[in-house]
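Every heavy atom of this structure was used, including side-chain atoms; hydrogens, water molecules and symmetry mates were not.
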Amino acid sequence: MSQTQAMQTLAQSVVLSKEAQTRMADELVAQVTEGNVDPIQAFVQVKALLETADQFLKNPEIVAAVQSAAEERGKMAVFAGAKVGVSYTHSLRLLHVRRQRV
C-alpha cells in the first residue's frame with residue numbers, strides 16, 4: 001500500500017466501533033513502523049484530521065443541531081452504539097456522548 005493510499009484509507013474511513021478504530025490505528029502504526037508510510041507525513045496528516053474533527057465538534061451550529069436532535073429523540077439518542085444526550089447544569093445545556101454497546 002502506498003503512502004498516499006494509506007492516508008486516503010485513513011481519511012475516507014467512517015469508523016464507528018471502538019474495535020474498528022483500534023484496528024485502523026494499529027494498521028496505520030504498522031504502516032509507519034514497517035517503513036511504508038513516512039512517519040512525519042502520517043503524524044501531520046492525522047494531527048490535521050484530529051484538529052478538523054475538533055473544530056467540527058466545537059462548532060456552535062453543530063452543537064446546537066445535535067442538542068436539538070437529541071432533545072427531540074428523548075433522553076438518549078443512539079447511533080451506532082454511541083449515546084448522545086443533553087445535560088442541564090445551572091441552566092447551561094451541555095452535550096455529552098457516551099460510546100457503549102446498545
Side-chain angles (χ1 to χ4, degrees):
M1 180 180 291
S2 74
Q3 278 186 219
T4 302
Q5 288 173 320
M7 293 310 296
Q8 285 175 343
T9 298
L10 174 68
Q12 293 174 353
S13 296
V14 177
V15 181
L16 299 175
S17 72
K18 291 288 186 181
E19 295 82 12
Q21 291 174 0
T22 299
R23 278 193 309 274
M24 176 172 275
D26 291 345
E27 289 170 14
L28 186 55
V29 168
Q31 290 294 318
V32 171
T33 58
E34 292 169 8
N36 299 321
V37 174
D38 179 87
I40 293 181
Q41 177 186 355
F43 181 86
V44 169
Q45 289 183 313
V46 170
K47 180 87 168 137
L49 286 170
L50 179 64
E51 290 170 359
T52 300
D54 190 52
Q55 289 174 27
F56 174 82
L57 294 172
K58 290 180 179 178
N59 181 288
E61 292 177 76
I62 296 302
V63 172
V66 173
Q67 286 175 335
S68 177
E71 288 171 350
E72 287 174 12
R73 295 177 191 177
K75 283 192 168 203
M76 295 302 282
V78 178
F79 176 74
K83 286 189 173 185
V84 180
V86 179
S87 298
Y88 294 89
T89 306
H90 304 289
S91 74
L92 291 176
R93 293 189 322 176
L94 304 173
L95 183 64
H96 64 273
V97 176
R98 277 186 278 156
R99 304 258 340 220
Q100 64 186 48
R101 292 182 186 212
V102 187

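- Nearest approach of Leu57 to Val63, heavy atoms of both residues: O-CG2, 3.3 Å.
- Atom CG of Leu50 has more than 12 neighbouring heavy atoms from other residues, nucleotides or ligands inside a 6.0 Å radius.
- Partners of Glu61 under the salt bridge (Lys or Arg N to Asp or Glu O under 4.0 Å) rule, at least two apart in sequence or in another chain, do not exist in this structure.
- Separation of atoms CD (Gln31) and CG (Asp26) is listed at 12.0 Å; rounding is to 0.5 Å.
- Note that OG1 of Thr33 is 9.5 Å distant from CG of Leu28, once rounded to the nearest 0.5 Å.
- With hydrogens and angles disregarded, no donor-acceptor distance shorter than 3.5 Å links the side chain of Ser68 to the backbone of Ala64.
- A salt bridge does not link Glu19 with Arg23: none of the charged nitrogens is closer than 4.0 Å to a carboxylate oxygen.
- For the atom pair NZ (Lys47) and CG (Asp54), the distance works out to 9.0 Å, reported to the nearest 0.5 Å.
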